[in-house]
Amino acid sequence: MYGRRSLTRLELAAYVAIAAVLVAVLADRMLDLFEEAEHAMVQATLSRLYAGVNLRLAESIVRGEPVDPADWMRRDPVALARIGLPNHAGSLKPAEQARQAPGSWWFDGGRNELVYLPRFTRTLRLGSGESTLRFRVESTTVPGSIGFRVVPVLPYRWGEET
């Protein structure tokens with residue numbers, strides 16, 4: 001009767017091979033999606049920092065507090081913006097930076113840079129052999145106005161593989 005016989009070794013090998021190919025394709029696609037999600041998270045964090053720093057600037061101006069752009073550019077933008085990042089380790093010394101887990105943000109006080117250690121780097125292209133993304137606060141001061149932005153220290157590209 002059909003359906004009651006056991007599988008032959010050839011049939012079993014074919015099913016296992018098909019399943020293995022499907023799992024490999026799915027795993028590869030999932031890694032791509034995880035990397036795209038991480039990239040989106042980094043961009044969203046930078047947008048939050050930009051908005052937070054400039055909102056804090058507006059608050060200081062409204063309160064009549066002095067704003068020294070040079071001082072603000074030396075400070076941790078996460079603390080400056082007063083936003084909470086669950087994976088932000090604060091200001092770290094070089095020895096502590098080496099022990100950070102992928103997905104961590106920290107402030108390198110010696111270089112005045114916000115650092116992110118990415119989890120997924122298949123399509124991430126960093127300059128000069130770096131393994132981290134580094135950002136700094138820059139002043140966008142023009143005559144009559146003041147503002148800040150968070151910009152990459154070194155150019156990077158995160159996306160389609162070339």
Side-chain angles (χ1 to χ4, degrees), residues 3 6-59 72-140 147-162:
S6 60
L7 295 174
T8 65
R9 288 183 186 165
L10 180 62
E11 290 171 329
L12 183 60
Y15 290 143
V16 168
I18 290 169
V21 167
L22 290 175
V23 166
V25 168
L26 177 65
D28 184 64
R29 184 62 187 138
M30 290 300 293
L31 285 174
D32 288 343
L33 291 174
F34 288 154
E35 189 163 11
E36 288 176 28
E38 182 178 27
H39 180 216
M41 182 273 309
V42 168
Q43 295 302 321
T45 300
L46 294 174
S47 293
R48 286 180 61 205
L49 288 171
Y50 170 77
V53 168
N54 284 295
L55 188 60
R56 174 88 187 278
L57 171 66
E59 178 186 5
W72 280 47
M73 290 187 294
R74 288 189 298 267
R75 295 171 63 188
D76 181 356
V78 175
L80 194 57
R82 296 181 183 156
I83 64 171
L85 288 180
N87 50 351
H88 183 256
S91 184
L92 300 179
K93 296 179 175 141
E96 298 170 317
Q97 294 175 16
R99 294 191 303 263
Q100 292 303 303
S104 298
W105 292 89
W106 66 87
F107 184 68
D108 182 347
R111 296 168 71 172
N112 299 324
E113 295 172 354
L114 181 66
V115 183
Y116 179 71
L117 180 59
R119 288 184 177 112
F120 302 100
T121 59
R122 288 170 37 150
T123 63
L124 177 60
R125 302 294 172 253
L126 297 165
S128 71
E130 287 279 326
S131 62
T132 58
L133 298 173
R134 294 180 164 272
F135 305 93
R136 74 168 41 118
V137 174
E138 283 188 354
S139 173
T140 58
F148 295 98
R149 60 187 179 153
V150 181
V151 297
V153 174
L154 294 172
Y156 69 92
R157 203 176 81 208
W158 207 341
E160 294 294 317
E161 290 188 66
T162 56

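Here, residue 1 is the first one in the sequence, and each next residue gets the next number.
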### Task
Check the angle between the aromatic planes of Phe135 and Tyr156 and answer parallel, tilted or perpendicular using the 30° and 60° thresholds.
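Answer is perpendicular, since the angle exceeds 60°.
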Within the structure provided, determine whether [X] and [Y] are in side-chain contact (heavy-atom separation under 4.5 Å).
| X | Y | answer |
| --- | --- | --- |
| Trp158 | Val42 | yes |
| Glu96 | Trp106 | no |
| Phe107 | Asn112 | yes |
| Gln97 | Leu117 | no |
| Leu114 | His88 | yes |

Indicate the atoms forming the closest heavy-atom contact of [X] with [Y], along with that distance.
| X | Y | answer |
| --- | --- | --- |
| Met41 | Trp105 | SD-NE1, 4.2 Å |
| Pro118 | Pro102 | O-CB, 3.8 Å |
| Val137 | Pro77 | CG2-CB, 3.6 Å |
| Gly109 | Ser91 | N-OG, 4.2 Å |
| Tyr116 | Glu38 | OH-OE2, 2.5 Å |
| Ala89 | Gln100 | CB-OE1, 3.6 Å |

### Query
Looking at OG1 of Thr123 and CG of Asp32, how far apart are the two atoms once the value is rounded to the nearest 0.5 Å?
7.5 Å
### Query
When rounded to the nearest 0.5 angstrom, what is the spacing between CG in Leu133 and CG in Leu46?
8.5 Å
### Message
Treating Thr121 as the side-chain partner and Leu124 as the backbone partner, does any N or O pair qualify as donor plus acceptor under 3.5 Å?
### Response
no
### Test item: Asn54 side-chain N/O and Tyr50 main-chain N/O as donor-acceptor pair under 3.5 Å
yes
### Message
Closer than 4.0 angstrom, basic N to acidic O: yes or no for Glu113 and Arg134?
### Response
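Salt bridge between Glu113 and Arg134, a charged N being under 4.0 Å from a carboxylate O: yes.
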### Query
Could you walk me through whether Arg48 and Leu85 pass the side chain to side chain contact (heavy atoms under 4.5 Å, CB included) check?
CA-CA 10 Å; Arg48 286 180 61 205; Leu85 288 180; 3.8 Å; yes
### Query
Where do Phe34 and Arg122 land on the side chain to side chain contact (heavy atoms under 4.5 Å, CB included) test, with the steps shown first?
CA-CA 11 Å; Phe34 288 154; Arg122 288 170 37 150; over 6 Å; no
### Task
Kindly determine whether Phe148 and Met73 satisfy side chain to side chain contact (heavy atoms under 4.5 Å, CB included), including the steps that lead there.
CA-CA 8 Å; Phe148 295 98; Met73 290 187 294; 4.1 Å; yes
### Message
Go through it in stages, so that I can follow the logic: the residues are Leu126 and Leu154, the test is side chain to side chain contact (heavy atoms under 4.5 Å, CB included), and I'd like the CA-CA distance, side-chain angles, deciding distance and then a yes or no.
### Response
CA-CA 8 Å; Leu126 297 165; Leu154 294 172; over 6 Å; no
### Message
Surrounding CZ of Phe120 (heavy atoms of other residues, nucleotides or ligands, distance under 6.0 Å), is the total greater than 12?
### Response
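Count over threshold, so yes.
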